[in-house]
Amino acid sequence: MRHLLSTKDLSRDEAVAILDIAEDMADVATREVKKLPALRGKTVVNLFFEDSTRTRISFEAAAKRLSADVINFSAKGSSVSKGESLKDTAQTLAAIGADAVVIRHHASGAPNVLAQSGWIDAGIVNAGDGTHEHPTQALLDAFTIRRRLHGHGARGKALDGVRVTIVGDILHSRVARSNVWLLTTLGAEVHLVAPATLVPLGIDGWPVTIGYDLDQAIAAQPDVIMMLRIQSERMHAAFFPTAREYSRQWGLDDERLAKLPDGSLVMHPGPMNRGLEISANAADSPRSTVLEQVANGVSIRMAVLYLLLAGGVS
Amino acid sequence: MTSILITGATLPDGTTGDLHVRDGRIAEAGGTIDRTIDAAGLTALPGLVDLHTHLREPGFEQSETVLTGSRAAAIGGFTAVFAMANTKPVSDTAGVVEQVQSLGAEHGYVTVRPIGAVTVGLGGTQLSEIGAMASSRAQVRVFSDDGICVSDPLLMRRALEYVKTFDGVIAQHPQEPRLTEGAQMNEGELSSELGLTGWPAVAEESIIARDVLLAQHVGARLHVCHVSTAGSVDVIRWAKARGIQVTAEVTPHHLLLTEQLVRGYDSRFKVNPPLRREDDVLALRAALADGTIDIVATDHAPHPLEAKECAWDEAANGMVGLESALSVVQAAVVDSGQLSFADVARVLSTKPAEIGRLAGYDAPFAVGSVANFTLYDPSVSRTFTVDQLHGRSVNSPYLERTLPGQVMATIHNGYATVLDGELVDIETVAAQVRHG
């Protein structure tokens, strides 16, 4: 694998292979010494143009468990804020010998630009770009679902027939996009629920079904319900009248939680707005996979970095 | 002044014959000949006129100057360009428009006609001194805030009414600003997939609909810049059927390229209005063929490398187009049989000159007319490279693409600015201007 820019580009076999390697990486976390020598001598740069402590720490932990050298580069307070361009930054990283660049950027497509530019020869991992994609988040979500459903027998399996309902701000969510492509590639049936103002135009061509009523979606007994974060700035941009109305119509409250079928999962990419898109009980319930998602994120990112820097999918 | 004999050229009407140029004008046969150009196999077109060029000077000379933009125009077969007003300072006073015009005249590659801003500083709140610009030496007849829509309906009404005094025209950039906040590409399935904020077709169509009704109400001339959607074509067709004085332009890139090119986030394809869908491209071609859209205009928008070598969201809108326009038009609508070269002469020369009230283009090859024409070889094809760009910026969407056709010569006011497919050097052009 040369870069990981999008889940849309992944084939089913590639996706399953990444999940399988992540299983191996997860085993490392159970050992007393949680470290492999696979990437010794390699340099991984976490290039973050947006704040994201959780994702950055996850990538940092993943790279360090593989024995890579890690450089964290926050664009805030750096030369970038003094006007240095993406090109200048990339060429600087090339000059210091980065083997992989994990980039988070506020602009959709910035990782693609970096990968195609010729400014740097490193492998590029998209750690979230604008409202485009967040592929490692989707991979860790798929990994989490697969582990919950299949336990230790998960290796080699996909998600055929698993019914996943994604709820909330689809329009601005890179997590939703990456999950739509990946989960459907793996055979899952994806249903999206949102206010019409937060459904992207032209979504008819996506391999999903769309609804506006969360109660109807829950009545259809999904295997997984994935709640998306509502960003505070959306509340003042006429996407919906008030936070209270949003919570009533599209929040996973205790009543709706109780109507979910036994064995179903409640997922959230975090950070959560408790009481808005998800109630505290739902977030903390045994159905919730929120903390597992965080733990699995390290395994997935180890798998991705390993594939980029130590070999292809085989 | 030099006399030139052009032998064997094919005129737009398909006839073949010789052209004589003497004292800057098309002449009868006879007299001394200083230079002969063998034009066998070449199509003679009236000098191309671009109603929509960004020359960037004054203020943004790192992108383009009047001289470099003029050179780009000449190599593309143009003999006149209308320079948009979004300079710095904005072309909203007689002084600035006269400066732009005189720089063009001094260099001599093309006739430069400045466009005046509709509002002071392109601010959209107060009419600029339209009358002073109209009566200045620049004789401005086209007024536009291009780059920004005159979105205030009352101000638009007043501007339309006011320019009637000078037989002027308002060239509107149709873009409803609230509907396009943060817009990055055409709104639709692809924008949703790529996570780029969409620029909806209705933002263009709703302004055109409003403006044609305003133009009808006050009985003024409206020109619609860079029409890009099938819905806009429908509105303009409706307006023309009602007898409203509306003309419209389409860019070469909107006739050829689609939004699918955005998929790679290559910012060379970032332009405003954005590249649209295949259905829109087909509708624009049909509208140009049936006369609903009157002209092709380049919207030549040079930008330095650093404005394009960055993330998509941060990249500047715009692409250069003067050097490639004729080839792109051939690729889009001539080779398909939708337009003849007689149509090309109309949409790229006589009609834009008429809209801009530029004299001397109504009977281009008639004896006595000012000799402004271009000799074009439509039979060749070329890989378009930066070497073929003669402006200061290289933000062309056609680099490394194969394009048909090649401008072999451009004659401006009776003297050559391009010969054998190469620009004539600046000293020679300047000497010819002086001796003219």
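A, B, ... follow the sequence lines: proteins, then strands. Residue 1 opens every chain.
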Chemist: How long is the gap from NZ on A/Lys87 to CG on B/Leu305, to the nearest 0.5 Å?
Modeler: 6.5 Å
Chemist: Against chain A, label B/Glu314 side chain, backbone, both or neither, depending on which of its atoms sit under 4.5 Å from a heavy atom there.
Modeler: side chain
Chemist: Please walk me through it: do A/Trp181 and B/Glu193 pass side-chain contact (heavy atoms from CB on, under 4.5 Å)?
Modeler: CA-CA 10 Å; A/Trp181 313 132; B/Glu193 178 191 325; 3.6 Å; yes
Chemist: Does any heavy atom of chain B fall under 4.5 Å from the side chain of A/His106, the backbone, both, or neither of them?
Modeler: both
Chemist: So which atom in A/Ala107 and which in B/Ala311 form the shortest heavy-atom distance, rounded to 0.1 Å?
Modeler: CB-CB, 3.6 Å
Chemist: Any donor and acceptor pair, going by atom type alone, linking the side chain of B/Ser192 with main-chain N or O of A/Gly202 inside 3.5 Å?
Modeler: no
Chemist: Tell me whether A/Tyr212 at atom OH has more than 12 heavy atoms from other residues, nucleotides or ligands lying less than 6.0 Å away.
Modeler: no
Chemist: Which heavy atom in A/Thr131 sits nearest to a heavy atom in B/Leu196, and how many Å separate them?
Modeler: OG1-N, 4.3 Å
Chemist: From A/Arg177 CZ over to B/Leu194 CG, what is the distance, rounded to the nearest 0.5 angstrom?
Modeler: 9.0 Å
Chemist: Rounded to the nearest 0.5 Å, how far apart are OH of B/Tyr265 and CD of A/Gln116?
Modeler: 10.0 Å
Chemist: Tell me, side chain or backbone of A/Arg174 under 4.5 Å from chain B's heavy atoms, or both, or neither?
Modeler: neither
Chemist: Are there over 12 heavy-atom neighbours, none belonging to A/Arg2, within less than 6.0 Å of that residue's CZ?
Modeler: yes
Chemist: To the closest 0.5 Å, what do you measure between CD1 (A/Ile203) and CD (B/Glu189)?
Modeler: 9.5 Å
Chemist: Please look at B/Glu306 and chain A and tell me whether the side chain, the backbone, both or neither of the residue comes under 4.5 angstrom of a heavy atom of that chain.
Modeler: neither
